[in-house]
Q: 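If you scroll down you'll find the structure; I have some questions about it.
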Amino acid sequence: MRRRMIVGNWKMHGLRRDLQEIDQVAAYAENRCPAIDVALCVPATLIGEAVRTVAGRPLVMGGQVCHPQDSGAHTGDISAAMLADLGARLVIVGHSERRLAHGETSEVVLRQAMAALRHGLLPIICVGESDAQRRAGGYLAVISEQVAQSIPREFGENAFAIAYEPVWAIGTGQVATPSQIAEVHGHIRSLLHEIGGDAGAMTPILYGGSVSPANAGSIFDVPDVDGALVGGASLKAASFTAISEVALERAT
Ligand code: PGA
């Protein structure tokens with residue numbers, strides 16, 4: 001059985017008063033003892049307090065990016081060592097908002113993922129095509145290139161997870177259809193298998209882009225969907241735990 005994961009991405013949202021949402025998600029995770037990994041990637045400013053809020057309950061805290069180096073003269077950046085030091089256990093790398101707004105190439109994303117691995121963090125490596133790339137028809141080639149260049153050459157089981165996030169589906173309410181998701185997830189699965197053999201067959205592939213409690217069921221029913229990376233709907237405990245519950249129903 002592949003690991004199933006529901007990961008929230010708070011992006012640049014969240015002040016200390018929002019720790020109560022994290023507390024509610026942690027209470028849910030404790031009650032349901034989910035057979036899936038439930039995680040929240042909050043702003044780095046909140047990770048330390050969030051880890052204390054969660055206090056031993058089965059909710060994993062993560063970061064949203066890390067620098068490829070462990071330390072150095074990089075004003076404003078945060079290293080994987082620092083995230084791990086706060087108690088984070090995973091980190092998103094290669095999110096399209098970082099690739100586009102910060103010019104992070106797949107080569108940089110790979111170095112970020114390697115930094116995460118050095119510090120015991122699970123990297124969630126994001127890939128996804130733009131609207132223009134989908135319309136032009138070459139989107140599977142775009143995905144192939146991003147996957148091949150962003151993931152380690154050699155890897156073991158559960159070394160990382162991939163998130164397929166079509167850029168046009170992020171924050172737009174325009175979720176990809178089950179057949180669009182099935183096509184790309186199947187493609188990523190065969191690439192992972194080619195590169196990593198058995199470990200590639202066991203690597204979780206998450207879908208991200210406008211996931212909500214209403215559409216989660218039809219997404220999780222798609223073959224090779226092992227969970228979700230959730231943006232907007234992760235900000236409130238009610239919607240995030242509702243999505244987790246849909247995943248949990250399918251995992252048990
Ligand atoms: P969304 O964001 O769920 O708000 O579309 C997903 C993401 O960017 O990870």
Side-chain angles (χ1 to χ4, degrees), residues 1-11 25 34-42 59-65 89-99 109 112-113 116 121-129 143 146-147 150-151 155 157-171 175-178 180-193 196 199-213 215-234 239-251:
M1 274 286 279
R2 272 195 302 271
R3 187 167 172 179
R4 288 181 165 261
M5 312 174 70
I6 303 297
V7 182
N9 174 12
W10 274 21
K11 308 190 180 184
V25 178
I36 53 175
D37 291 340
V38 182
L40 281 174
C41 297
V42 296
L59 171 63
V60 173
M61 299 311 303
Q64 299 175 6
V65 69
R89 304 222 325 259
L90 57 82
V91 62
I92 298 168
V93 295
H95 191 283
S96 59
E97 288 154 14
R98 301 288 316 179
R99 288 179 185 263
V109 173
Q112 293 169 334
L121 301 174
L122 179 86
I124 298 183
I125 303 172
C126 302
V127 298
E129 81 284 3
I143 301 292
Q146 288 178 344
V147 170
S150 307
I151 70 169
F155 58 91
E157 247 177 55
N158 284 316
F160 59 87
I162 296 270
Y164 167 55
E165 297 204 304
V167 177
W168 46 272
I170 295 177
V175 66
T177 64
Q180 288 172 326
I181 298 172
E183 182 189 35
V184 178
H185 278 233
H187 181 68
I188 294 172
R189 175 67 60 215
S190 52
L191 291 171
L192 288 172
H193 201 257
M202 292 305 287
T203 301
I205 308 175
L206 317 182
Y207 168 79
S210 297
V211 177
S212 70
N215 61 30
S218 60
I219 294 169
F220 298 148
D221 284 341
V222 175
D224 277 311
V225 171
D226 302 309
L229 184 54
V230 184
S234 73
S239 44
F240 187 61
T241 57
I243 292 169
S244 303
E245 195 58 23
V246 176
L248 188 53
E249 277 162 18
R250 279 157 175 79

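Please read these numbers as outputs of a predicted model, since none were measured by experiment.
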Q: What pairs with R89 under side chain to side chain contact (heavy atoms under 4.5 Å, CB included), at least two apart in sequence or on another chain?
A: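 Applying side chain to side chain contact (heavy atoms under 4.5 Å, CB included) to R89 gives V60.
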
Q: Could you pull out every donor-acceptor pair under 3.5 Å between side chains of residues 34-41 and any protein atom, sequence neighbours left out?
A:
| residue | atom | partner | partner atom | Å |
| --- | --- | --- | --- | --- |
| D37 | OD2 | R3 | NE | 2.4 |
| D37 | OD2 | R3 | NH2 | 3.0 |

Q: Please give me the minimum heavy-atom distance between L229 and C126, naming the atom from each residue.
A: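 The pair with the smallest heavy-atom distance is CD2-SG, 3.9 Å.
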
Q: Search all heavy atoms of S239 against all heavy atoms of P213 and return the closest pair with its distance.
A: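 Result for this residue pair: O-CG, 3.7 Å.
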
Q: At what distance, to the nearest 0.5 angstrom, does CD1 of I188 lie from CD1 of I181?
A: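 The distance works out to 11.0 Å.
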
Q: Can you confirm whether S212 sits close enough to V230 that some side-chain heavy atom of one is under 4.5 Å from a side-chain heavy atom of the other?
A: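 Not in contact.
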
Q: Is a side-chain donor or acceptor of Y207 paired with a backbone partner of A176 at a separation under 3.5 angstrom?
A: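 Yes: the side chain of Y207 pairs with the backbone of A176.
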
Q: Can you pull out every side-chain hydrogen bond (donor to acceptor under 3.5 Å, both in side chains) where at least one residue sits in residues 220-234? Sequence neighbours excluded, please.
A: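 Applying side-chain hydrogen bond (donor to acceptor under 3.5 Å, both in side chains) to every pair that reaches into residues 220-234, excluding sequence neighbours, yields R2-D224, R2-D226, R189-D224, R189-D226, D221-R250.
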
Q: So which heavy atom on T203 is nearest to which on A161, and how close?
A: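 So the two residues come closest at CG2-CA, 4.3 Å.
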
Q: Does I92 reach the side chain of E97, with side-chain heavy atoms less than 4.5 Å apart?
A: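 They are not in contact (no side-chain heavy atoms under 4.5 Å apart), so the answer is no.
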
Q: Counting C-beta onward and ignoring hydrogens, is there a side-chain heavy-atom pair between I6 and F240 closer than 4.5 Å?
A: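 Heavy-atom side-chain distance check passes, below 4.5 Å.
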
Q: Would you say L122 and M5 make side-chain contact, with heavy atoms under 4.5 Å?
A: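 Side chain of L122 against side chain of M5, heavy atoms only: contact under 4.5 Å found.
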
Q: Could you tell me whether a side-chain N or O of E129 sits under 3.5 Å from a main-chain N or O of I143, the two making a donor and an acceptor?
A: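 No, E129 side chain to I143 backbone: no donor-acceptor pair under 3.5 Å.
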
Q: Let me confirm one number: the OH-NE2 distance from Y164 to H187, rounded to the nearest 0.5 Å.
A: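 Atom-to-atom, Y164:OH and H187:NE2 are 10.5 Å apart.
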
Q: Looking at every heavy atom in both I243 and A216, which two are closest together, and how far apart are they?
A: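 Distance-wise, the nearest heavy atoms are CG2-CB, 4.2 Å.
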
Q: Without swapping roles, check the side chain of R4 against the backbone of G227 for a donor-acceptor pair under 3.5 Å.
A: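 No: the side chain of R4 does not pair with the backbone of G227.
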
Q: Please name the pair of heavy atoms, one in V109 and one in G94, separated by the smallest distance, quoted to 0.1 Å.
A: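 Distance-wise, the nearest heavy atoms are CG2-CA, 3.5 Å.
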
Q: Would you say that R98 contacts Q112 through its side chain, given a criterion of any heavy-atom pair below 4.5 Å between the two side chains?
A: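 Sidechains of Q112 and R98: no contact.
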
Q: Kindly give the heavy-atom pair with the smallest separation between F220 and V246, and that separation in Å.
A: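 Heavy atoms of F220 and V246 come nearest at CD1-CG1, 3.8 Å.
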
Q: What I'd like to find out is whether the side chain of I205 reaches to under 4.5 Å of the side chain of L192, using heavy atoms alone.
A: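 Heavy-atom side-chain distance check passes, below 4.5 Å.
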
Q: When you check the side-chain N and O atoms of E165 and H95, is any donor under 3.5 Å from an acceptor?
A: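 Present: a donor and an acceptor within the cut-off.
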
Q: With heavy-atom distances below 4.5 Å as the criterion, would you say the side chains of M202 and N158 are in contact?
A: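 Side-chain contact under 4.5 Å: no.
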
